[in-house]
Amino acid sequence: VDPTPYLPMWGHGYPEGFFDILDSDNGLLRGSGDNTVPLPSASLIASGLVTTAYRHNDLPIEAQAEVYRALQNENPATIIKNFQLPNAKMILIKILSPADLLVIAPDGNKIGKDFATGLEVNEIPNAFYTGFTTATEFITVLNPLDGEYKIFNQGTGNGAYIVETNYISSATTTGASFTGNTIPGLVTELNMSVDNENPETLAILPVDTDTPVITITAPEAKDYPRSVQMSVNVSAEDAGSGVYALETFLDGTSIQNVGSVDLFFKSLGTHTLFASSTDNVGNATTSTHAFRVVATIDSTLSDIERVYKLGWMSKKVYKWIREDFKDAIETKKGKKVVDKGDLRDILEDMRDYRKKGLNEQAYRLLKEDFEWLINN
């Protein structure tokens, strides 16, 4: 019927009754072919076209002689039409690089790449190994034993790898996979349990279940004057599969694992260092360290100097604040202290210079220093 409402679809006409559930053929007429491939489509083959009277699903059996002749250029000696597949079971173990495979069956027999010799090994009857020089590396084991298969992979490059396994039988197909990370030469052990009575329990799990150990050497859990360059030294160790990643964050911002942080740009008060580490089989752990950034008489003097050098205040304001602050410093019982009343006066006067020789950054930073000294 007229396809206009459906254009550009159905350019050669819309099948009448296509969505009519009472119409058994939905407006379609089946042409010549094998019930899957229409004969006009198959006729696009330029030479060697063979037509039969069989349906599509019957072709592997009924047309086997024609297939054999096309492949071998001779007639087959035997045609088998009545056969039963054996009640066979199979496991397929595949690795997506960059790594090579070695599998040890529950009885101790091996198949794959022998990492000690660098050669192929196959001690498992009715098993197949592609070899480690192929683009796709996999192992098949026919009628696998019940029990634990050990899967070893050896890194051939840097990056993520995937080990996939499938259990295949006439009754069921089930699969499992594991993703890890590797580096050249690193050998990682995985376990795969096979239960032929309960194949759905198939799983791949790492032998290494221990998380990395994070050590935060610096900063320490103590007070740091705002004027210092605070050291950062975070490390991680993993005796199993090795450390894959270590990240360090200060108040949620990523920083170097080893280095220093300029506390001049940090607010006074408590801060948190957060470290996170993952090993090559995905075990993860975290560690935190809290410390305080504080203001002292010496750090405040240093802040006044730095604010001026950064051009955040004029020379006139700098001289006034520096001299007034120094005048507020006293010595009592051999210890330097500040007169809190004098600091309050400085804070009051600073408001007059705010944005008039004293920019907002400088005002907020020095105000925070002076208030800390007053309250602590």
Side-chain angles (χ1 to χ4, degrees), residues 215-234 247-275 286-376:
T215 301
I216 302 177
T217 305
E220 300 176 47
K222 66 176 188 179
D223 290 346
Y224 287 89
R226 188 182 225 162
S227 57
V228 304
Q229 297 281 331
M230 184 186 71
S231 296
V232 174
N233 191 336
V234 181
E247 294 181 290
T248 302
F249 300 85
L250 179 56
D251 298 331
T253 300
S254 178
I255 62 173
Q256 295 294 320
N257 298 323
V258 178
S260 63
V261 174
D262 188 352
L263 295 183
F264 175 80
F265 296 99
K266 298 298 178 182
S267 61
L268 300 181
T270 301
H271 295 264
T272 302
L273 188 86
F274 175 86
T286 61
S287 182
T288 59
H289 235 141
F291 62 93
R292 282 203 316 173
V293 179
V294 301
T296 65
I297 292 173
D298 289 338
S299 72
T300 302
L301 281 169
S302 175
D303 287 347
I304 292 171
E305 296 294 331
R306 190 163 181 187
V307 163
Y308 174 62
K309 289 179 180 178
L310 287 171
W312 291 2
M313 63 179 169
S314 67
K315 188 173 183 179
K316 174 185 175 182
V317 176
Y318 159 67
K319 287 183 177 180
W320 161 70
I321 291 178
R322 182 186 63 178
E323 295 308 316
D324 278 15
F325 181 70
K326 285 183 176 180
D327 289 343
I329 300 171
E330 304 171 350
T331 302
K332 292 183 179 180
K333 298 180 181 181
K335 183 181 178 180
K336 288 194 296 184
V337 297
V338 289
D339 185 290
K340 296 183 179 183
D342 290 346
L343 290 185
R344 291 189 182 96
D345 290 340
I346 295 174
L347 281 171
E348 186 67 30
D349 292 338
M350 277 176 52
R351 294 189 183 95
D352 296 332
Y353 290 101
R354 190 176 183 180
K355 298 183 181 179
K356 297 177 183 178
L358 186 66
N359 73 12
E360 188 66 19
Q361 285 175 292
Y363 174 78
R364 290 179 179 275
L365 187 145
L366 296 179
K367 177 176 179 288
E368 193 178 32
D369 279 352
F370 294 147
E371 289 178 342
W372 183 277
L373 292 175
I374 291 171
N375 297 322
N376 295 278

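Source: prediction; values computed, not measured.
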Quick check: closest heavy atoms across [X] and [Y], and the distance to 0.1 Å?
| X | Y | value |
| --- | --- | --- |
| W320 | D349 | CZ2-CB, 3.1 Å |
| A218 | V234 | O-CG2, 4.3 Å |
| W372 | V293 | CH2-O, 4.3 Å |
| F370 | I321 | CZ-CG2, 4.1 Å |
| S267 | R226 | CA-NH2, 3.8 Å |
| L366 | M350 | CB-CE, 4.0 Å |

Answer whether the closest heavy-atom distance between the side chains of [X] and [Y] falls below 4.5 Å.
| X | Y | answer |
| --- | --- | --- |
| L343 | F325 | yes |
| L273 | I255 | yes |
| L263 | H271 | no |
| F274 | T248 | no |
| F291 | T270 | no |
| I374 | R344 | yes |
| I329 | L301 | yes |

Query raised in the report: Are K319 and D324 ion-paired here, with the side-chain N under 4.0 Å from a carboxylate O?
Result: no

Query raised in the report: Is it true that K309 and E305 make a salt bridge, defined as a side-chain N closer than 4.0 Å to a carboxylate O?
Result: no

Requested in this report: Kindly write out the residues that satisfy salt bridge (charged side-chain N to carboxylate O under 4.0 Å, His left out) with D298, not counting sequence neighbours, or none if the list is empty.
Outcome: K336

Query raised in the report: Got a sec, which residues hit salt bridge (charged side-chain N to carboxylate O under 4.0 Å, His left out) with K332, two or more places apart in sequence or on another chain?
Result: E330

Requested in this report: May I ask you to check whether W312 and Y363 place their ring centers less than 6.0 Å from one another?
Outcome: no

Query - Axial cation check for Y224 ring with R292, 6.0 Å and 45° limits - result: no

Report task. Apply side-chain contact (heavy atoms from CB on, under 4.5 Å) to K266 and L250, showing your working. Result -> CA-CA 10 Å; K266 298 298 178 182; L250 179 56; 3.8 Å; yes

Query raised in the report: Where do V307 and L365 land on the side-chain contact (heavy atoms from CB on, under 4.5 Å) test, with the steps shown first?
Result: CA-CA 9 Å; V307 163; L365 187 145; 4.2 Å; yes

Requested in this report: Apply side-chain contact (heavy atoms from CB on, under 4.5 Å) to N359 and Y353, showing your working.
Outcome: CA-CA 9 Å; N359 73 12; Y353 290 101; over 6 Å; no

Report task. State which residues pass side-chain contact (heavy atoms from CB on, under 4.5 Å) with S314; sequence neighbours excluded, sorted by chain then number. Result -> K316, V317

Requested in this report: Examine the side chains of S299 and T296 and answer whether a donor and an acceptor come within less than 3.5 Å of each other.
Outcome: yes

Report the distance from atom [atom1] of [X] to atom [atom2] of [Y], rounding to the nearest 0.5 Å.
| X | Y | atom1 | atom2 | result |
| --- | --- | --- | --- | --- |
| D352 | K355 | CG | NZ | 14.5 Å |
| E247 | S254 | CD | OG | 6.0 Å |
| R351 | I346 | CZ | CD1 | 12.5 Å |

Query raised in the report: E368 side chain to L268 main-chain N or O, any donor-acceptor pair under 3.5 Å?
Result: yes

Query raised in the report: Between I216 and S287, does a side-chain contact (heavy atoms from CB on, under 4.5 Å) hold up when you go through it step by step?
Result: CA-CA 8 Å; I216 302 177; S287 182; 3.8 Å; yes

Query raised in the report: Crowded around R322 CZ? As in, over 12 foreign heavy atoms under 6.0 Å?
Result: yes

Requested in this report: In sequence, state the C-alpha distance, the side-chain angles, and the governing distance for E371 and K367, and then conclude on salt bridge (charged side-chain N to carboxylate O under 4.0 Å, His left out).
Outcome: CA-CA 6 Å; E371 289 178 342; K367 177 176 179 288; 2.8 Å; yes

